[in-house]
Visitor: 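Just dropping this structure here.
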Amino acid sequence: MENLLYIHIPFCDSKCNYCAFNSYTNLNHLKKEYFKAIKNQFLNDIEKFDIKNFETVFIGGGTPSTMSVSFYEKLFELLDPFLKDTKEITIESNPNASFNWLKNIKNLGVNRISFGVQSFDDEKLKFLNRNHSSKTAINTIKNAKKAGFENINLDIIYATAMDNYTLLQNDLKTIDFLPITHISAYSLMIEKNTKWEEDFSKRKEDEELEIWFIEEIKKKFNQYEISNFGNPCIHNLGYWKHKEYLGIGAGAVGFIKNFRYYTKKNVYEYIKNPTKYEYEYLSDEDIKKEKILLGLRSKAGFNENILNENELKRAQILIKEQKLYKKENKIHSYDFLLADALSAYIID
Ligand SMILES: C[S@@+](CC[C@H](N)C(=O)[O-])C[C@H]1O[C@@H](n2cnc3c(N)ncnc32)[C@H](O)[C@@H]1O
Ligand code: SF4
């Protein structure tokens with residue numbers, strides 16, 4: 001069985017105006033305790049779920065680059081016995097990590113890095129309340145390549161009030177010269193519990209601009225999911241193929257057999273009780289629906305043998321209408337943006 005491992009780091013150096021992730025700027029004093037807690041949870045989970053190896057690892061956040069190299073040395077001591085056949089280890093980082101940090105992390109076996117760049121426009125970075133400049137980001141990305149990273153992602157946010165053709169075109173020009181293999185481009189979402197909660201003036205509703213931007217990215221990077229382009233992230237493809245995963249850390253989510261489990265979101269509570277989960281049962285029918293929806297939102301597709309007779313008939317209609325196509329028993333969508341409507345049409 002191929003399992004995925006997600007580890008959550010809930011610390012950040014500053015809080016971005018749009019961000020509702022489980023991340024904090026005032027809990028740095030908990031970092032030591034946090035390691036002990038994730039160690040406990042990890043040892044508990046691998047025994048409980050009888051896991052021998054991970055196909056992929058994703059260290060996300062928050063901001064994993066706020067943790068020292070010695071934190072990761074200890075972490076990889078713990079993980080190494082389970083990484084014999086691991087294909088991909090990703091870490092998220094702010095684009096202001098030092099060359100030494102990057103080099104050391106690479107040497108520990110991390111082979112994919114994802115930078116939360118958002119934009120290369122300094123005014124837009126200030127508007128988002130990012131704590132890095134465009135120049136620092138460019139340097140850090142080049143340093144990641146020098147440190148040996150071959151797989152480099154940039155997160156970009158678009159559809160903000162500051163966006164226009166010139167700004168986004170300049171970002172694309174900068175990206176062109178950088179040694180990256182992947183882009184995650186997210187349309188700004190106005191989220192609850194953020195500085196911008198309910199403030200829709202921070203978003204720009206300009207569908208033409210959004211479509212143009214995505215089409216420009218697609219000229220250089222192959223789109224394999226609504227927001228993802230380039231050399232596919234094996235870990236995320238694993239989620240979309242509905243593989244099982246462990247979720248380690250405060251507010252992490254895991255999925256094993258027919259259960260999704262949620263750890264304590266509050267970091268203090270998590271540290272006290274790292275193995276106290278809330279469980280959500282998913283029926284086989286729920287899992288089928290998710291497989292169809294996630295499969296159609298990305299290149300992952302889904303296996304036709306999960307469909308019942310009626311569903312298969314409707315999928316065949318969509319294949320005839322050239323909305324879907326079949327390849328080696330898997331059904332795929334031509335247009336990921338239609339995934340919601342297409343899956344609603346197929347499912348009983
Ligand atoms: C955990 S962060 C990435 C690592 C690191 N914390 C950083 O920001 O540099 C995940 C990504 O989600 C995206 N994101 C977060 N909140 C968002 C929102 N409200 N709308 C659109 N994208 C968002 C950002 O692009 C961000 O880089
Ligand atoms: S976007 Fe990243 S750096 Fe900004 S607050 Fe969210 S997790 Fe932290």
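Atoms within each ligand, like the ligands themselves, are counted from 1 in listed order.
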Visitor: Looking only at protein heavy atoms, identify the closest one to atom 2 (Fe) of ligand 2 and say how far it is in Å.
Guide: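 For atom 2 (Fe) of ligand 2, the nearest protein heavy atom is Arg130 NH1, 4.0 Å.
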
Visitor: Check the angle between the aromatic planes of Trp196 and Phe127 and answer parallel, tilted or perpendicular using the 30° and 60° thresholds.
Guide: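 It falls in the tilted class, 30° to 60°.
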
Visitor: With a 4.0 Å heavy-atom cut-off, what residues sit around ligand 1?
Guide: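 Answer by chain and number: Tyr18, Phe21, Gly61, Gly62, Thr63, Glu92, Ser93, Asn94, Gly116, Gln118, Arg130, Asp155, Ile157, Tyr186, Ser187, Leu188, Met189, Glu191.
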
Visitor: Mind running side-chain hydrogen bond (donor to acceptor under 3.5 Å, both in side chains) on Asn26 and Asn28 for me, showing each step along the way?
Guide: CA-CA 6 Å; Asn26 56 354; Asn28 287 342; over 6 Å; no

Visitor: For the rings on Phe49 and Tyr245, is their centre-to-centre separation under 6.0 Å?
Guide: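 Not under 6.0 Å, so no.
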
Visitor: Once you round to the nearest 0.5 Å, how far does CD of Glu73 lie from CG of Leu78?
Guide: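 Between Glu73 CD and Leu78 CG, I get 14.0 Å after rounding to 0.5 Å.
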
Visitor: In terms of ring plane angle, is the pair Tyr325 and Tyr334 parallel, tilted or perpendicular, where the classes change at 30° and 60°?
Guide: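 Ring orientation, 0 to 90° scale: tilted.
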
Visitor: Restricting to side-chain hydrogen bond (donor to acceptor under 3.5 Å, both in side chains), what partner residues turn up for Lys330, sequence neighbours left out?
Guide: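 side-chain hydrogen bond (donor to acceptor under 3.5 Å, both in side chains) list for Lys330, sorted by chain: empty.
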
Visitor: Taking NZ, NE, NH1 and NH2 as the nitrogens, is one of them in Lys195 or Glu197 under 4.0 Å from a carboxylate oxygen of the other?
Guide: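 Glu197 and Lys195: not salt-bridged.
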
Visitor: Fit a plane to each ring of Tyr261 and Tyr279, take the angle between them on a 0 to 90° scale, and name the class: parallel (under 30°), tilted (30 to 60°) or perpendicular (over 60°).
Guide: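 Plane angle between 30° and 60°, so tilted.
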
Visitor: Can you give the donor-acceptor pairs under 3.5 Å from side chains of residues 216-223 to other protein atoms, not counting sequence neighbours?
Guide:
{"from": "Glu216", "atom 1": "OE2", "to": "Lys219", "atom 2": "NZ", "distance (Å)": "2.8"}
{"from": "Lys218", "atom 1": "NZ", "to": "Glu215", "atom 2": "OE2", "distance (Å)": "3.2"}
{"from": "Lys220", "atom 1": "NZ", "to": "Asp176", "atom 2": "OD1", "distance (Å)": "3.0"}
{"from": "Lys220", "atom 1": "NZ", "to": "Asp176", "atom 2": "OD2", "distance (Å)": "3.1"}
{"from": "Asn222", "atom 1": "OD1", "to": "Lys299", "atom 2": "NZ", "distance (Å)": "3.4"}
{"from": "Gln223", "atom 1": "NE2", "to": "Glu225", "atom 2": "O", "distance (Å)": "3.3"}
{"from": "Gln223", "atom 1": "NE2", "to": "Ile226", "atom 2": "O", "distance (Å)": "3.0"}

Visitor: May I ask you to say whether Glu244 pairs ionically with Lys257, meaning some side-chain N is under 4.0 Å from a carboxylate O?
Guide: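 No.
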
Visitor: In terms of atom number and element, which parts of ligand 2 are under 4.0 angstrom from non-hydrogen atoms of Ser14?
Guide: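 Here the atoms of ligand 2 in question are 5 (S).
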
Visitor: Give the atoms of ligand 2, by number and element, whose distance to some non-hydrogen atom of Asn94 is under 4.0 Å.
Guide: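 Result: 3 (S).
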
Visitor: Quick one: give me the number of protein N/O/S atoms under 2.8 Å from atom 6 (Fe) of ligand 2.
Guide: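 Counting protein N, O and S atoms closer than 2.8 Å to atom 6 (Fe) of ligand 2 gives 1.
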
Visitor: When rounded to the nearest 0.5 angstrom, what is the spacing between OH in Tyr72 and CG in Asn104?
Guide: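 Rounded to the nearest 0.5 Å, the OH-CG separation comes out at 12.5 Å.
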
